[in-house]
Amino acid sequence: MAPHHLPFYLAPGSGTDTLMVVMGVFLIGTVLWVGTLYWKLHSLPERMAHKTHKLQFEIVAVLGLISLFTHMHIFWIAGLLLAMIDLPDFGTPLRSIAGSVEKIAEAAPASDAGEVQAEAAVAPPPADKPGPAKEKEHSHA
């Protein structure tokens, strides 16, 4: 009883609804695309810190996870700011100094150190000898 020419958006009585199938595929594709975009945006601070080999990479990663599970965006913003800031590396120079001091300590023989301590204990402190009195300098201006 239906007319022979129906518009494309109306499903025929014996077939599948083409518009519904197309919209279903479009909806699934859009949800996957938006989800991927969300994950990329959410992991932006972590990727920035990892790419530049920041020392605070672990802190940025934890802030990202906290913001993901608590839905508090301030943690994501803090992670983004921390990923953008370059903190100075104090650990490497201090480790270098500590290594140099260990090498110096190992290089000094133990017997010399004992002799130096024994000489320091035996030798009397130098007496203040009265020296020639310094004359005041006069400026000729």
Side-chain angles (χ1 to χ4, degrees), residues 1-131 133-141:
M1 303 286 285
H4 296 289
H5 180 67
L6 291 174
F8 74 95
Y9 53 86
L10 291 178
S14 63
T16 60
D17 189 359
T18 309
L19 184 61
M20 186 181 81
V21 171
V22 170
M23 289 309 297
V25 170
F26 176 75
L27 179 67
I28 290 171
T30 303
V31 167
L32 290 175
W33 178 74
V34 169
T36 304
L37 180 69
Y38 173 76
W39 286 110
K40 290 234 182 234
L41 181 65
H42 184 76
S43 66
L44 178 68
E46 188 174 347
R47 286 185 288 128
M48 285 174 58
H50 183 69
K51 189 187 321 179
T52 57
H53 303 289
K54 301 276 183 172
L55 295 174
Q56 64 269 24
F57 170 71
E58 290 86 8
I59 298 171
V60 172
V62 168
L63 285 172
L65 284 174
I66 290 172
S67 72
L68 178 67
F69 292 123
T70 62
H71 301 289
M72 295 179 70
H73 303 298
I74 191 70
F75 292 115
W76 186 85
I77 293 169
L80 182 65
L81 291 175
L82 194 57
M84 293 167 71
I85 294 172
D86 197 17
L87 294 178
D89 180 20
F90 294 114
T92 303
L94 291 176
R95 273 188 236 109
S96 174
I97 292 170
S100 299
V101 169
E102 285 179 5
K103 286 180 186 177
I104 291 171
E106 290 173 0
S111 61
D112 290 344
E115 291 175 9
V116 170
Q117 289 177 354
E119 288 176 9
V122 173
D128 291 338
K129 296 181 182 176
K134 287 188 176 180
E135 295 181 17
K136 292 183 179 178
E137 294 181 15
H138 297 285
S139 64
H140 302 284

Can you give me the closest heavy-atom contact between Met48 and Leu80, atom names plus distance? SD-CD1, 3.8 Å

Please round to the nearest 0.5 Å and tell me the distance separating atom CG of Leu41 and atom CZ of Arg47. 8.5 Å

Mind checking the CD1-CD1 spacing from Ile74 to Ile66? Nearest 0.5 Å is all I need. 12.5 Å

Measuring from atom CG of Leu82 to atom CE of Met84, what distance do you get when rounded to the nearest 0.5 angstrom? 11.0 Å

Shortest non-hydrogen contact between Trp76 and Ser67, atoms and distance: N-CB, 3.6 Å

Kindly list each side-chain donor-acceptor pair under 3.5 angstrom involving residues 21-37, sequence neighbours excluded, with atom names and distances?
from	atom 1	to	atom 2	distance (Å)
Thr30	OG1	Phe26	O	2.8
Thr36	OG1	Leu32	O	2.8

Where the side chain of Glu46 meets the backbone of Leu65, is there a donor-acceptor pair that is under 3.5 Å apart? no

Do His42 side-chain atoms and Gly64 backbone N/O form a donor-acceptor pair below 3.5 Å? yes

